[in-house]
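Single-structure report; data block below.
Labels below follow one simple rule: chain letters A, B, ... track the order of the sequence lines, proteins then strands, and each chain is numbered from 1.
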2 protein chains.
Amino acid sequence: MRHDSLADKNCAVARTWSIIGERWTMLILREFFRGEHRFDPIARKLGLGRSVLTDRLRMLVDEGILERRHYDSVPDRLDYHLTNKGEDLYTLLVAVIEWGDKWVVDEPPVTLTHKKCGHQPHLSLHCEHCETELTRRDIHAEFAPDAW
Amino acid sequence: MRHDSLADKNCAVARTWSIIGERWTMLILREFFRGEHRFDPIARKLGLGRSVLTDRLRMLVDEGILERRHYDSVPDRLDYHLTNKGEDLYTLLVAVIEWGDKWVVDEPPVTLTHKKCGHQPHLSLHCEHCETELTRRDIHAEFAPDAW
DNA sequence: CAGTATCCTCGAGGATACTG
DNA sequence: CAGTATCCTCGAGGATACTG
């Protein structure tokens with residue numbers, strides 16, 4: 001099976017992974033969450049081929065995750081910005097950071113803090129009805145008839 | 001830069017992505033979270049090359065995400081199981097499902113419910129100290145001196 | 001059943017120079 | 001500065017048959 005066909009499956013994981021499940025995509029997105037917006041700094045920082053970055057940015061714009069903005073005042077300058085769809089990947093990024101901090105790095109290279117109180121935020125799986133934190137064991141998965 | 005070198009960066013995202021940021025890995029892991037444990041069913045379901053699956057399983061075992069178990073009673077049968085490190089990727093998987101449900105599929109192919117009450121669980125970024133839910137704007141990121 | 005062995009293709013992506 | 005153009009390599013992964 002060609003990998004491309006993942007995009008056609010009726011499965012949120014397969015479809016999402018066909019977008020972000022690639023070597024560079026998540027690292028490019030992280031630069032945007034860090035506050036970077038431009039081509040050259042990202043290319044230099046990540047050290048990836050310029051044509052690869054061109055391609056990924058185009059794909060992310062096509063997917064509606066980034067949008068391009070021209071600056072009339074500075075003609076050659078072009079900025080990319082996260083759309084709401086892109087911003088919404090923040091939770092996923094935090095999940096990656098939390099897992100990585102716990103299991104694959106020694107000292108956390110990045111520390112997240114709540115601006116107001118200085119304490120650390122955490123992701124939790126939470127039942128709004130019961131107001132309790134849940135683990136995998138508390139959860140049942142039900143598949144639609146046409147789910148992949 | 002070779003992609004392999006991501007594993008050496010002092011960055012939780014880069015290191016985590018060097019493990020799971022690959023076309024098939026997350027989908028293979030999803031099968032385990034679904035309750036699958038064996039080679040052939042996964043190979044058939046995902047339709048990927050058998051040698052690729054062999055390779056990924058070996059990698060996931062090396063990384064301590066899966067472990068192999070032999071069954072003395074059934075000699076040819078071999079099961080793979082998620083370790084604690086692997087189980088802990090559940091949050092990340094839910095983040096993928098939630099984002100995918102919201103942005104890339106129409107009807108959610110999978111519905112998660114809290115076994116006890118039947119309501120749906122949600123991921124939230126949460127400050128334990130303030131007991132409030134946070135968004136990206138509420139959070140400050142601080143980088144260690146040697147962070148990538 | 002859980003692989004291994006073999007062969008093959010094609011495209012991802014690195015390197016570098018150039019451009020409006 | 002944000003690309004495009006060009007060239008090249010190499011390895012990912014598909015297909016298929018075989019094995020203890």
Walk me through whether B/W103 and A/D88 qualify under side chain to side chain donor-acceptor pair (under 3.5 Å). CA-CA 9 Å; B/W103 296 103; A/D88 217 33; 2.8 Å; yes
Please examine the side chains of B/L53 and B/I28, heavy atoms only from C-beta on, and report whether any two atoms are closer than 4.5 Å. yes
From [atom1] of [X] over to [atom2] of [N], roughly how many Å is that when rounded to an integer?
{"X": "B/D55", "N": "D/dG14", "atom1": "CG", "atom2": "P", "value": "12 Å"}
{"X": "A/H37", "N": "D/dA2", "atom1": "NE2", "atom2": "C1'", "value": "16 Å"}
{"X": "B/R69", "N": "C/dA2", "atom1": "CZ", "atom2": "P", "value": "14 Å"}
{"X": "A/H70", "N": "D/dC1", "atom1": "NE2", "atom2": "P", "value": "16 Å"}
{"X": "A/K45", "N": "D/dC1", "atom1": "NZ", "atom2": "C1'", "value": "19 Å"}
{"X": "B/L53", "N": "C/dA2", "atom1": "CG", "atom2": "C1'", "value": "9 Å"}
{"X": "A/E22", "N": "C/dA12", "atom1": "CD", "atom2": "C1'", "value": "9 Å"}

Dot-bracket pairing map - DNA chain D, Watson-Crick plus G-U, both contacts under 3.5 Å, | cross-strand: ||||||||||||||||||||
Of all the choices, D/dG14, C/dA2, C/dG14, which nucleotide is nearest to the side chain of B/L48 once you look at every atom? D/dG14
Is B/T16 reaching over with its side chain to a backbone N or O of B/V13, donor-acceptor style, under 3.5 angstrom? no
Answer yes or no: is there a donor N or O on one side and an acceptor on the other, between the side chain of A/W148 and the main chain of A/L6, under 3.5 Å? no
Sort out for me which residue in B/K115, B/H119, B/Q120, B/H122 forms a side-chain contact (heavy atoms from CB on, under 4.5 Å) with A/C127. B/H119
Starting from the C-alpha separation in whole Å, work towards a yes-or-no answer on ring pair (Phe, Tyr, Trp, His ring centres under 6.0 Å) for A/H81 and A/H37. CA-CA 6 Å; A/H81 289 263; A/H37 298 281; 4.3 Å; yes
All heavy atoms of A/R38 vs all of A/L78, minimum pair found to be CG-O, 3.5 Å
Using a cutoff of under 3.5 Å, can you pull out all pairs of nitrogen or oxygen atoms linking the protein to nucleotides 3-6 of chain D, with atom names and distances?
residue: D/dG3; atom: OP1; partner: A/R68; partner atom: NH2; Å: 3.2
residue: D/dG3; atom: OP1; partner: A/Y80; partner atom: OH; Å: 3.4
residue: D/dG3; atom: OP2; partner: A/Y80; partner atom: OH; Å: 2.5
residue: D/dG3; atom: N7; partner: A/R50; partner atom: NE; Å: 2.9
residue: D/dG3; atom: N7; partner: A/R50; partner atom: NH2; Å: 2.6
residue: D/dG3; atom: O6; partner: A/R50; partner atom: NE; Å: 3.3

Between B/E87 and A/R137, does any side-chain N to carboxylate O distance fall below 4.0 Å? yes
For B/K9, is there an ion pair with B/D146 - N to carboxylate O distance below 4.0 angstrom? no
